[in-house]
2 protein chains.
Amino acid sequence: MTLKDLARELGVSTATVSNAFNRPDQLSPALRERILGEAKRLGYRGPDAKARSLRTGRSRIIAVILAESLTYSLNDAVSSEFLSGVAEVLDTQGHTLLLLSARQAKCQLVDSASMADGFIVYGLMPSDELFDSLPLNASLVAVDFNVAGHPSVHIDNEPSCFEIADHALSVKSRKRPAIVNLRLTETPCNGRVTPEHILLPPERTITRARLSGFYRALEKHGLDSEQVPMWNVEENTFDVCAPVIEEILDLPDAERPDLLLCMSDRLALTALTLAEQRGLRIPDDLCLIGFDGIAEGQYRAPRLTTIRQESGDKGRLAARMILGLEPRHSRLLKTELILGETCH
Amino acid sequence: MTLKDLARELGVSTATVSNAFNRPDQLSPALRERILGEAKRLGYRGPDAKARSLRTGRSRIIAVILAESLTYSLNDAVSSEFLSGVAEVLDTQGHTLLLLSARQAKCQLVDSASMADGFIVYGLMPSDELFDSLPLNASLVAVDFNVAGHPSVHIDNEPSCFEIADHALSVKSRKRPAIVNLRLTETPCNGRVTPEHILLPPERTITRARLSGFYRALEKHGLDSEQVPMWNVEENTFDVCAPVIEEILDLPDAERPDLLLCMSDRLALTALTLAEQRGLRIPDDLCLIGFDGIAEGQYRAPRLTTIRQESGDKGRLAARMILGLEPRHSRLLKTELILGETCH
DNA sequence: TTGTACGCGTTATCAT
DNA sequence: ATGATAACGCGTACAA
């Protein structure tokens with residue numbers, strides 16, 4: 001049953017049937033009633049989305065391209081919250097959400113992509129050439145990194161990290177701070193960062209900005225940031241974090257850090273769990289700070305001291321920009337220091 | 001730049017260009033090279049997905065229709081894990097994932113839907129009529145509930161709940177068990193379930209099956225299940241669960257249950273957090289069991305005693321069935337009892 | 001209200 | 001074998 005069949009059946013033109021569905025004002029109410037009634041009776045389900053999107057050039061589909069795999073992104077609290085914000089706005093506006101990952105085979109990514117009306121790109125992409133393959137006219141908003149020629153949504157990573165590290169270092173004198181990084185080395189590294197490791201360039205990744213904030217706070221407190229031991233973790237999941245955190249916690253007492261500046265809540269929560277297992281008192285023996293402000297860190301005792309970034313707002317804003325509900329220029333969102341009980 | 005333009009530019013037919021992209025065996029390698037080379041040079045990005053999907057009838061898009069809102073589903077660990085499993089398989093098979101919610105306006109849901117090649121329906125839908133509007137030929141797999149004429153994927157809710165409740169009641173004598181339900185009343189209810197409340201019919205919802213399992217275990221242990229107090233929560237989030245759990249925990253000592261049979265880990269974790277805040281010792285003062293086996297319940301101390309359902313496997317299986325990688329008949333997945341420290 | 005060109009490829013059929 | 005032709009998929013938009 002197609003629109004054309006229905007038109008023939010009713011003895012009206014296809015245009016009229018189309019109008020009955022899309023533009024009520026273009027035909028008499030009586031005729032419209034009749035068309036809709038017959039449509040239902042004959043089992044015609046309304047204009048086909050594929051045909052319509054070919055004709056109009058729009059699909060009402062917005063694609064989110066995630067830097068990480070879908071499997072990871074969907075299980076991570078921060079990106080889930082982001083997606084949830086995106087979905088909320090799209091839903092309201094009658095659009096739908098197509099999930100893509102930059103990790104997918106390029107060809108299939110690109111042609112699924114050409115169905116979408118717009119793109120929200122979340123996180124640092126493995127390469128920029130991807131963007132050359134996207135439809136030229138489609139709009140694009142980058143989140144947490146920049147794409148030349150397109151607006152982006154960021155949070156103020158450096159100041160936030162300065163603020164929280166400054167807080168951590170002020171509360172009580174900590175002799176042995178250490179930093180736990182997320183995906184910050186040029187080559188993959190799960191473990192201690194040595195001078196041989198090259199760090200990703202500042203403009204490429206948000207974690208580098210977080211590191212700068214930590215460094216600035218350390219310097220302010222008279223510490224030589226170069227001397228502060230640093231670890232790195234490649235993936236923000238318990239399973240990947242745990243071995244690295246264990247390596248830290250299992251250092252001899254005299255060497256074990258008494259303050260961990262973690263770049264994510266997942267890192268900090270992993271440290272918290274493993275530290276508790278080892279009988280370390282928090283915050284007395286070990287002080288912890290995180291970043292993100294995920295629910296899991298707050299609905300527990302002790303609550304994590306962390307920086308709350310509103311990932312949901314980030315998603316909502318990006319979605320609104322894509323849909324043209326918001327001016328298309330780059331935005332910087334604020335964060336908030338949450339004082340929990342893991343650092344005081 | 002369309003395929004037609006490129007064909008004209010090269011002086012070959014559109015069919016040949018199409019073949020160069022889709023069926024290398026249909027033309028000489030030399031010609032194919034030339035076409036692909038020129039395509040790149042002239043900025044032709046390959047066949048347009050919209051046009052192709054109109055012609056072929058396929059889009060390589062699989063839609064997941066979620067019973068809950070996208071906002072909720074993306075933030076919930078269980079459904080995220082499910083989606084993650086779906087995405088993993090689709091990815092591998094060159095398909096993409098479109099997220100829809102049964103809560104969306106019907107019309108937009110239906111027409112976004114008509115783009116998809118297949119549907120995975122997750123959770124109890126508000127109404128069945130939705131399925132009448134879906135494309136007739138499209139394949140459909142239901143998860144956690146049944147849709148007439150289509151295969152489904154289930155877990156064994158009743159036996160699992162019997163098993164864990166039986167365990168809980170065996171470990172030590174508990175005088176005052178109580179049940180915390182999830183969305184089980186006919187009319188919304190966040191609080192104590194009274195005889196006036198009508199419960200959803202067993203065939204409609206998995207939580208009713210869970211309740212049966214609990215009841216069977218209670219009877220086995222000589223308890224009158226009718227007498228066991230029951231609460232109900234409408235949404236599986238901390239914010240909605242908390243007030244109900246507080247109502248339970250704040251009962252006078254003599255009335256407060258010493259065993260909570262919770263239908264989800266979120267419920268149990270909420271109870272755990274709030275109980276700890278009140279200085280209740282777990283499991284001595286209060287014994288807790290959950291359902292789901294989400295990571296959050298295991299990466300902590302005490303770990304939750306719960307039933308682990310492999311939501312990821314559920315998603316993978318549903319996706320494989322939709323893609324025809326798996327026979328299209330209903331399947332029942334096994335669960336596993338996880339002995340944590342919240343009930344012994 | 002209607003006729004109809006158009007959007008962009010795909011594929012069956014035909015020709016060389 | 002290779003390549004070309006043309007019908008087809010389903011609506012939409014604009015002129016009439």
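This structure is a prediction, so every number in the text was calculated from the model and none was measured.
For the pair A/R58 CZ and D/dC10 C1', the computed distance is 18 Å after rounding to whole Å. For the pair B/K4 NZ and D/dA4 P, the interatomic distance rounds to 15 Å; values are reported in whole Å. To the nearest angstrom, P of D/dG11 lies 12 Å from CZ of A/R8. Rounded to a whole Å, the CZ atom of A/R45 is 16 Å from the C1' atom of D/dC10. Atom CZ in A/F21 sits roughly 17 Å away from atom C1' in C/dT1 (whole-Å rounding). Per the geometry, CG belonging to A/L10 stands 15 Å off C1' belonging to C/dT2, to the nearest Å. In this structure, A/K50 places its NZ atom 16 Å from C1' of D/dC8, rounding to the nearest Å. The separation between B/L31 atom CG and D/dA1 atom C1' is 13 Å, rounded to whole Å.
Contacts of B/T56 with the nucleic acid, taken as non-hydrogen atoms under 4.0 Å apart, involve only primed sugar atoms and P, OP1 or OP2. Using a 4.0 Å heavy-atom cutoff across all strands shown, A/V12 reaches sugar-phosphate atoms only and no base atom.
With respect to A/L10, the side chain to side chain contact (heavy atoms under 4.5 Å, CB included) criterion is satisfied by exactly one of A/I35, A/D5, A/L42: A/I35.
Side-chain N/O atoms of B/Y44 include none lying less than 4.0 angstrom from OP1 or OP2 on C/dC8. Contact annotation: B/R52 does not reach the phosphate of C/dG9 (side-chain N/O to OP1 or OP2, under 4.0 Å). The shortest distance between the side-chain N/O atoms of A/N22 and the OP1/OP2 oxygens of D/dG11 is not below 4.0 Å. The phosphate of C/dT1 (OP1 or OP2) has a side-chain N or O of A/S28 nearer than 4.0 angstrom. Between B/S18 and C/dT10, a side-chain N or O to OP1/OP2 separation shorter than 4.0 Å is present.
Nearest nucleotide to the side chain of B/R55, out of C/dT1, C/dT10, D/dT12: C/dT10. Among C/dT11, C/dC8, D/dG11, the nucleotide with an atom closest to any side-chain atom of B/T2 is C/dC8. Nearest nucleotide to the side chain of B/L54, out of D/dG9, C/dA12, D/dG11: D/dG9. Of all nucleotides listed (D/dG3, D/dT12, D/dG9), D/dG3 comes nearest to the side chain of B/T16. With C/dG9, C/dT10, D/dG11 as the choices, the nucleotide that has an atom nearest any side-chain atom of A/L3 turns out to be D/dG11. The B/A51 side chain lies nearest to C/dG9 when the options are C/dG9, D/dA4, D/dT5. The side chain of B/L27 lies closest to D/dG3, out of C/dG3, C/dT10, D/dG3. For A/Q26, the side-chain atoms get nearest to C/dT1 when compared with the rest of D/dG11, C/dT1, C/dT11.
Between A/R103 and B/D91 there is no salt bridge, since no side-chain nitrogen of the basic residue lies less than 4.0 Å from a carboxylate oxygen of the acidic one.
Taking the side chain as every heavy atom from C-beta outward, B/N146 and B/H154 approach each other to under 4.5 Å.
Taking the six-membered ring where tryptophan is involved, the planes of B/F131 and B/F145 are tilted, since the angle between them lies from 30° to 60°.
Among all heavy-atom pairs drawn from A/L140 and A/R328, the shortest one is O-NH2, 3.2 Å. Closest of all the heavy-atom pairs between A/L97 and A/V64 is CD1-CG2, 3.4 Å.
Along DNA chain D, the nucleotide closest to A/D48 and the one closest to B/S13 are compared, and the more 5′ of them pairs with B/S13.
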